[in-house]
Amino acid sequence: MTTHAPQAGQSVTLPTTLNEAVAALTDMPAAVPVAGGTDLMAAVNSGQLRPAALVGLGRISEIRGWQYQDGNALLGAGLTHARMGRPDFAALIPALAAAARAAGPPHIRNAGTLGGNIATAAPTGDALPVLAALEATLIIAGPGGSRREIPVSHLLAGVEMLRAGELIGFVRVPLLHAPQVFLKATGRTGPGRSVASVALVLDPARRGVRCAVGAIAPMPLRPLDAEQWVARLIDWDNDRALVPEALSAFGEYVAAACIPDPAPEPDGSVPALPPAVLHLRRTVAALARRALGRALS
């Protein structure tokens, strides 16, 4: 669970059930939950964090798998990226599996968990735009066996926060049985932190397109107007056909919505975007265009 031994006097609790973990956090308000520890232990080892106590979640088997529930997949928060990247999971939620496989090198994928990705809420978290596009719901475990549900977007945006003694127990994801794509751009070849990422899912039952852009802002961005615009252009009754020009236009629409032009100057002129920002906008446009093209192909 850690790369360094706990400091003297630091307590480590290893519960075996979700309710036991919540009880430990309730009894020790200063304790910090840890699962894979890929972000937490980096902060500890760099001296940025010195938790008084740790509550390890690695022995809680109930949150390390998934099950079907009323047309949804109920995913345990302890699922590792490596487990989500396997073929059986990819057949269930392809975009989340693709994000898990792109999360980093093997040692990160083997340790990092879905719940940790959400709780840390780092802008570069690869699972976050996928969960936003899928409109996933979090099941939060609280004291006394209580459970409450919140949209994942509410937690990521800070609209609702985890309360004292609460843990993310499960993630409910609608099973759309339709194409979904995750793409990311990194600053170097091979697995690495996202410079920008795009998750896109089709919802044929509602004749909708859902898109989320990650890594370019503190939380995933949903270009709702672009989603609605392109959904009206798709011929849902004819193999989801779309004219090629609309693909490029969609990419530009998404990029402009997420990285808008600067506000006009008092004289009415519009300043040019800095070259680095302009490059990022072009990257987002390319990712969105390719994601939609793959989903429709």
Looking at D261 and R281, is any side-chain nitrogen of the basic one under 4.0 Å from a carboxylate oxygen of the acidic one? yes

Quick check against the 3.5 Å criterion: does E149 have a side-chain atom that pairs as donor or acceptor with the backbone of T137? no

In terms of heavy-atom contacts, R109 and T80 come closest through O-CB, 3.7 Å

To check you understand the geometry: which heavy-atom pair defines the closest contact between F182 and A102, and what is its length? CE2-CB, 4.3 Å

Does CZ belonging to R147 count more than 12 external heavy atoms closer than 6.0 Å? yes

So do the side chains of L175 and I93 get within less than 4.5 Å of each other, counting heavy atoms only? yes

Can you find a pair of side-chain heavy atoms, one from R207 and one from D237, that are under 4.5 Å apart? yes

For residues 69-79, which side-chain N or O atoms pair as donor and acceptor with protein atoms under 3.5 Å away, sequence neighbours left out?
| unit_1 | atom_1 | unit_2 | atom_2 | d |
| --- | --- | --- | --- | --- |
| Q69 | OE1 | R172 | NE | 3.3 |
| Q69 | OE1 | R172 | NH2 | 2.8 |
| N72 | ND2 | Q69 | O | 3.3 |
| N72 | ND2 | D70 | O | 3.0 |

Looking only at non-hydrogen atoms, find the nearest pair between N19 and G145 and report the distance. OD1-CA, 3.8 Å

With sequence neighbours excluded, tell me which residues meet side-chain hydrogen bond (donor to acceptor under 3.5 Å, both in side chains) with E160. R148, H154

In V181, V230, L287, V198, the residue satisfying side-chain contact (heavy atoms from CB on, under 4.5 Å) with L292 is V230

Which residues pass the salt bridge (charged side-chain N to carboxylate O under 4.0 Å, His left out) test with D88, sequence neighbours left out? R83

Residue list, salt bridge (charged side-chain N to carboxylate O under 4.0 Å, His left out) with R86, at least two apart or on another chain: none

Close side-chain approach of L138 to L131, heavy-atom, < 4.5 Å: no

So do the side chains of L128 and M219 get within less than 4.5 Å of each other, counting heavy atoms only? no

Verify, without hydrogens or angle tests, whether S269 (side chain) and E265 (backbone) share a donor-acceptor contact under 3.5 angstrom. no

Going by salt bridge (charged side-chain N to carboxylate O under 4.0 Å, His left out), name the residues that satisfy it together with E135, two or more places apart in sequence or in a different chain. R210, R222

Donor-acceptor pair, side chain of E166 and main chain of I140, under 3.5 angstrom: no

Measure the shortest side-chain to side-chain distance between L296 and L202 over non-hydrogen atoms and say whether it is less than 4.5 angstrom. yes

Hey, does the side chain of W66 reach the backbone of V171 with a donor-acceptor pair shorter than 3.5 angstrom? no

Which pair of non-hydrogen atoms, one from V195 and one from T186, has the smallest distance, and what is that distance? CG2-C, 3.7 Å

Under a 4.5 Å cut-off applied to non-hydrogen side-chain atoms, are V243 and L233 in contact? no

E245 backbone acceptor or donor facing S248 side chain under 3.5 Å: no

All heavy atoms of P129 vs all of S197, minimum pair found to be CG-OG, 3.6 Å

salt_bridge(R101, D126) N-O dist < 4.0 Å: no

Could you tell me which non-hydrogen atom of P51 sits nearest to which non-hydrogen atom of V32, and how far apart they are? CB-CG2, 3.7 Å

Once ring-ring contact (aromatic ring centres under 6.0 Å, His included) is applied, do any residues pair with W229, and if so which ones, sequence neighbours excluded? Y253

Sub-3.5 Å donor-acceptor pair from the side chain of D239 to the main-chain atoms of A241, do we have one? no

